[in-house]
Amino acid sequence: LGDIPAFAVPAYELVSVWEFPFYISLGVMCAAIGVIFVRTLYATEDLFARIRFPEYLKATVGGLILGLAALQFPHILGVGYGTIDMALTGSLAWWLLFLLVGIKILATAITIGSGGSGGIFAPSLFLGAAAGGGFGILIHNWLPAITASPGAYAIVGMGALVSATTHGPMTAILMLFEMTGDYKI
């Protein structure tokens, strides 16, 4: 689609050296979410493999569960780039972003476990943006004078979670450079 960035990155800067402990905390949180995501994915695949249904019924059950969840939380459908953009701009409430983390983990696990098509890269971006955005909103509301905008935390969360799920930190960093068109973060 051309050489424009995939995400509209808000203006940000490192406001204070006191932000580094918050970024480290975000990294630890994203690592834990990455472990939960991967383990949930494998457990759901194993669960659907043990079910003695024809494959098309497994996909039907998975689609039904996902469809019912999407009625309440349409953010979980597809790759979620719209929701990622909202997390980058701080357009969603912190509690909704954290809630979407859990729901997206389950939605992705059910999709793949029931035989649907998909991977972990885009969901990892979504999870990282949601976790980082929610964390950033809380931190920025608590200490606005020494913290960057929530969007900066969302970007760092994206890199941290992609790194955690793919075990490729340099790849995650380079892909975020490419997708945001900005290497300063």
Side-chain angles (χ1 to χ4, degrees), residues 3-41 73 75-76 78-108 119-185:
D3 61 354
I4 58 172
F7 303 113
V9 180
Y12 59 85
E13 62 185 40
L14 182 65
V15 177
S16 165
V17 71
W18 297 106
E19 280 189 279
F20 286 123
F22 298 126
Y23 283 118
I24 292 168
S25 299
L26 175 60
V28 171
M29 182 180 78
C30 286
I33 292 170
V35 169
I36 291 167
F37 177 45
V38 171
R39 287 186 179 174
T40 302
L41 184 62
F73 301 100
H75 306 86
I76 63 170
V79 293
Y81 284 2
T83 304
I84 292 171
D85 280 331
M86 287 189 279
L88 288 169
T89 60
S91 301
L92 297 172
W94 65 268
W95 60 267
L96 179 58
L97 289 168
F98 285 129
L99 183 62
L100 288 173
V101 168
I103 295 169
K104 185 66 170 182
I105 287 172
L106 293 174
T108 303
I120 63 166
F121 177 71
S124 294
L125 286 175
F126 180 103
L127 294 170
F135 183 87
I137 290 169
L138 290 175
I139 293 299
H140 189 69
N141 287 344
W142 181 42
L143 299 167
I146 64 166
T147 58
S149 70
Y153 290 89
I155 294 170
V156 171
M158 290 166 65
L161 229 136
V162 168
S163 178
T165 57
T166 64
H167 298 261
M170 292 307 294
T171 301
I173 291 168
L174 292 173
M175 291 181 92
L176 278 175
F177 290 164
E178 185 68 26
M179 295 182 86
T180 62
D182 192 348
Y183 63 89
K184 290 182 282 187
I185 195 68

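Side chains included, hydrogens not; waters and symmetry mates left out as well; all remaining heavy atoms used.
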Using distance only, find each side-chain donor-acceptor pair of residues 27-35 under 3.5 Å and give its atom names and separation, not counting sequence neighbours.
none

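The minimum heavy-atom distance linking T40 with I36 is given by the pair OG1-O, 2.7 Å. Smallest separation of non-hydrogen atoms from L100 and T83: CD1-CG2, 4.1 Å. Shortest non-hydrogen contact noted between V162 and A172 is CG1-CB, 3.6 Å. Across all non-hydrogen atoms, the minimal contact from L161 to S124 is CB-O, 3.7 Å. Here the closest heavy-atom approach between residue I137 and residue A93 is recorded as CD1-C, 4.4 Å. The shortest non-hydrogen separation linking A87 to L97 is CB-CD2, 4.0 Å.
Distance CG/L88 to CE/M86: 11.0 Å, rounded to 0.5 Å. Expressed to the nearest 0.5 Å, how far CH2 of W95 lies from CG of L99 amounts to 7.0 Å. Atom OG1 of T147 sits about 8.0 Å away from atom OH of Y23, to the nearest 0.5 Å. Taking CZ from F73 and CD1 from I103, the interatomic distance works out to 3.5 Å, rounded to the nearest 0.5 Å. To the nearest 0.5 Å, the span separating CD1 on I139 from OG on S25 amounts to 7.5 Å. Rounded to the nearest 0.5 Å, atoms OG (S91) and CG (L96) are 11.5 Å apart.
At least one side-chain heavy atom of L125 sits under 4.5 Å from a side-chain heavy atom of I84. P123 places a side-chain heavy atom less than 4.5 Å from the side chain of K104. Between L92 and H75 there is a side-chain heavy-atom pair separated by less than 4.5 Å.
Proximity of a side-chain donor or acceptor of H140 to a complementary backbone N or O of A148 within less than 3.5 Å is detected. Not one N or O on the side chain of T108 forms a donor-acceptor pair closer than 3.5 Å with the backbone of I105.
Taking the six-membered ring where the residue is Trp, Y153 and F135 present tilted rings, their angle falling between 30° and 60°. Classified by interplanar angle (parallel below 30°, tilted 30° to 60°, perpendicular above 60°), the ring pair W94/F98 is perpendicular.
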